[in-house]
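For the single chain, residues carry numbers from 1 onward in sequence order. Every number for a ligand or one of its atoms is a count from 1 in the order of the listing.
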Amino acid sequence: MNKRPCMEVLGTGRAVPEKILTNQDLEKMVDTSDEWILARTGIRQRHIAEPGVPLSFFAARAAREALADAGVAAEEIDLIILGTVTGDSKFPATACVVQDLIGASKAAAFDISAACSGFLYGLQLAESMMAIQGYRRILLIGGEILSSMVNWQDRDTCVLFGDGVGAVVLGPGQGACGILSTTIHSDGAFRDLLYSPGCGSLNPPSHENVDKMLHTIRMEGREVFRHAVTSMADALNQALDMAGVVVEDLDLLIPHQANLRIIEAVGKRFRLSPDKIYVNVDRFGNTSAASIPIALDEARKTGRIASGSLVGMVTFGAGFTWAAAVVRF
Ligand SMILES: CC(C)(COP(=O)(O)OP(=O)(O)OC[C@H]1O[C@@H](n2cnc3c(N)ncnc32)[C@H](O)[C@@H]1OP(=O)(O)O)[C@@H](O)C(=O)NCCC(=O)NCCS
């Protein structure tokens, strides 16, 4: 018998910077072309924060939108979990900044670091904390200002990433709806294929380390691509099994928006028709922990997800980390 406690999505929100960086803009910055970027990644543009505007600014906006959508007051929130690798500062947790900005005075708040898997890691954590600790109203946020750690001279990586935040309010569910399964995984043996080596205790900030650009993103694109497709397929299969459903039951799959070719390769493995796969990577690029909650918010508010919809979510990111979930709305 499935003894899972029932937790459901009560509301969603998103916030992205106004400024848009197009492929044509990037053509003026590095040796690249709109054709190359579009053909290899499916990305046309990404939103980029003005320098110095921190993650908490957008996270608070997304959070307020999710609270309004859920009809929940900030004071009712008893837990805030923020998945990010680009918080406002090393400490305190940016979740604490968001708590203050939105007035969620009764909440416990902390960040988690699982890169592009941050949102789905947070979903499993939220479910466990609701079941065991009895939290009733949880604000789960995934957000990044990746532009703050992109090397704008490195064409291998600078074309891929964008900034943004997505947020959801979670609460105890009723009946047949709710989070049906979550599964999370990691393998640190692959940590050097996608990482940022600088500004931590390994390579503390110094003029020399900044000159070497150690604070920016390093990536072996082809290897990441290969692992992403296999791991996402494995995780989704596992989440479907745990939920007791088959892929044909899904009304929508929301994959992490890293690259259209990765999304299509995963869809092909499951023989999913393109109209069942949510894609917005063309407009946002890879926003890491924000990509699934931004897509989820768009899908709900444009009617792609309705009451009763069965939705799969699957992701892959640095660590390596990967994760999947199945949710009935
Ligand atoms: C990064 C990625 C788009 C590169 O695509 P690819 O088809 O693997 O391309 P390659 O890395 O093999 O590079 C092919 C050529 O394009 C060049 N190239 C790389 N970036 C380029 C750019 N922005 N513009 C033009 N050419 C570029 C390379 O230098 C290489 O040239 P060469 O053949 O003369 O050596 C792809 O590997 C990818 O998406 N990987 C996964 C990345 C990802 O999703 N990361 C986040 C996971 S959460």
Side-chain angles (χ1 to χ4, degrees), residues 21-46 83-86 112-121 142-147 149-164 166 184-188 190-196 216-236 254-268 277 279-282 284-295 313-324:
L21 188 72
T22 63
N23 292 351
Q24 287 76 15
D25 295 328
L26 282 162
E27 284 176 350
K28 296 176 199 136
M29 296 162 63
V30 284
D31 180 14
T32 190
S33 66
D34 177 44
E35 294 72 29
W36 192 96
I37 301 171
L38 200 52
R40 301 290 177 121
T41 72
I43 300 168
R44 292 176 189 277
Q45 62 170 53
R46 66 290 287 145
T84 189
V85 295
T86 51
I112 56 170
S113 171
C116 302
S117 304
F119 180 76
L120 291 186
Y121 265 60
E144 303 288 2
I145 305 294
L146 285 171
S147 61
M149 59 188 304
V150 162
N151 178 351
W152 292 105
Q153 273 123 46
D154 176 17
R155 69 174 185 174
D156 290 345
T157 54
C158 76
V159 302
L160 302 175
F161 301 103
D163 300 335
I184 64 171
H185 301 273
S186 40
D187 190 342
F190 296 106
R191 64 191 179 279
D192 289 346
L193 295 182
L194 177 54
Y195 70 121
S196 174
T216 61
I217 298 170
R218 312 279 169 97
M219 186 182 69
E220 298 294 331
R222 275 189 207 179
E223 280 299 297
V224 174
F225 191 112
R226 199 167 57 80
H227 283 275
V229 175
T230 310
S231 302
M232 286 166 79
D234 287 350
L236 183 59
I254 301 182
H256 171 48
Q257 307 286 314
N259 181 319
L260 184 60
R261 286 158 59 216
I262 294 177
I263 294 171
E264 287 174 347
V266 172
K268 214 166 156 190
I277 305 175
V279 175
N280 64 12
V281 69
D282 52 322
F284 296 107
N286 180 351
T287 58
S288 184
S291 94
I292 289 180
I294 287 175
M313 302 177 211
V314 63
T315 192
F316 179 85
F320 288 150
T321 57
W322 61 103

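Ligand-side atoms of ligand 1 in range of Ala258: 44 (O), range being under 4.0 angstrom from any heavy atom. Each of the atoms 3 (C) of ligand 1 lies under 4.0 Å from some heavy atom of Thr41. Close contacts of ligand 1 with Phe316, meaning ligand atoms under 4.0 Å from a residue heavy atom, involve 48 (S). Ligand 1 places these atoms under 4.0 Å from at least one heavy atom of Val159: 23 (N). The distance from ligand 1 to the heavy atoms of Asp156 drops below 4.0 Å at these ligand atoms: 19 (C), 20 (N). Close approach of ligand 1 to Met219 (heavy-atom distance below 4.0 Å) involves ligand atoms 1 (C), 42 (C), 43 (C), 45 (N).
At distances below 3.5 Å, at least one donor-acceptor pair connects side-chain atoms of Asp163 with backbone N or O atoms of Ser147. Without hydrogens or angle criteria, Asn23 side chain to Ile43 main chain gives a donor-acceptor distance under 3.5 Å. Within the 3.5 Å criterion, the main-chain N or O of Leu193 finds no donor-acceptor partner in the side chain of Glu220.
A heavy-atom distance below 4.5 Å is not found between the side chains of Val266 and Pro255.
Under the 4.0 angstrom criterion, atom 34 (O) of ligand 1 counts as lacking any protein heavy-atom contact. By the definition of a contact as any protein heavy atom under 4.0 Å away, atom 2 (C) of ligand 1 is not in contact. In this structure, atom 26 (N) of ligand 1 has protein heavy atoms in its sub-4.0 angstrom surroundings. Within the 4.0 angstrom cut-off, atom 30 (C) of ligand 1 has no protein heavy-atom neighbours.
With 3.5 Å as the limit, one finds no donor-acceptor pair spanning the side chains of Glu27 and Ser33. Residues Thr157 and Asp154 bring a donor and an acceptor atom of their side chains to less than 3.5 Å of each other. With 3.5 Å as the limit, one finds no donor-acceptor pair spanning the side chains of Ser291 and Gln257.
Residue contact annotation: Cys116 has a non-hydrogen atom under 4.0 Å from ligand 1.
From the protein, the heavy atom lying nearest to atom 24 (N) of ligand 1 is Thr32 OG1, 2.6 Å. Among protein heavy atoms, the minimum distance from atom 40 (N) of ligand 1 is reached at Gly221 O, 2.9 Å. Of all protein heavy atoms, the one closest to atom 4 (C) of ligand 1 is Trp36 CH2, 3.9 Å. What sits closest to atom 6 (P) of ligand 1 on the protein, heavy atoms only, is Arg40 NH1, 3.5 Å. Counting only heavy atoms of the protein, atom 47 (C) of ligand 1 lies nearest to Val224 CG1, 3.7 Å. Protein heavy atom at the shortest distance from atom 11 (O) of ligand 1 is Arg222 NE, 4.2 Å. Atom 46 (C) of ligand 1 has Asn286 ND2, 3.5 Å as its closest protein atom, hydrogens excluded (heavy atom only). Residue, atom and distance of the protein heavy atom nearest to atom 17 (C) of ligand 1 are Arg155 NH2, 3.6 Å.
The residues Glu264 and Arg261 are annotated as not salt-bridged, no charged nitrogen and carboxylate oxygen being separated by less than 4.0 angstrom.
For the residues Asn259, Ile262, Val281, the heavy atom positioned nearest atom 36 (C) of ligand 1 is part of Asn259.
Ring to ring, Phe316 and His256 are not that close: their centroids are 6.0 angstrom or more apart.
Here Thr157 has no heavy atoms under 4.0 Å from ligand 1, in either its backbone or its side chain.
Below 30°, between 30° and 60°, or above 60°: for Phe190 and Phe320 the angle between ring planes is below 30°, a parallel geometry.
The heavy-atom pair separating Thr321 from Ala114 by the smallest distance is OG1-O, 3.1 Å. The two residues Thr22 and Asp25 have their closest heavy-atom pair at N-OD2, 2.8 Å. The two atoms that bring Asn259 and Val281 nearest to each other are N-CG2, 4.2 Å, heavy atoms only.
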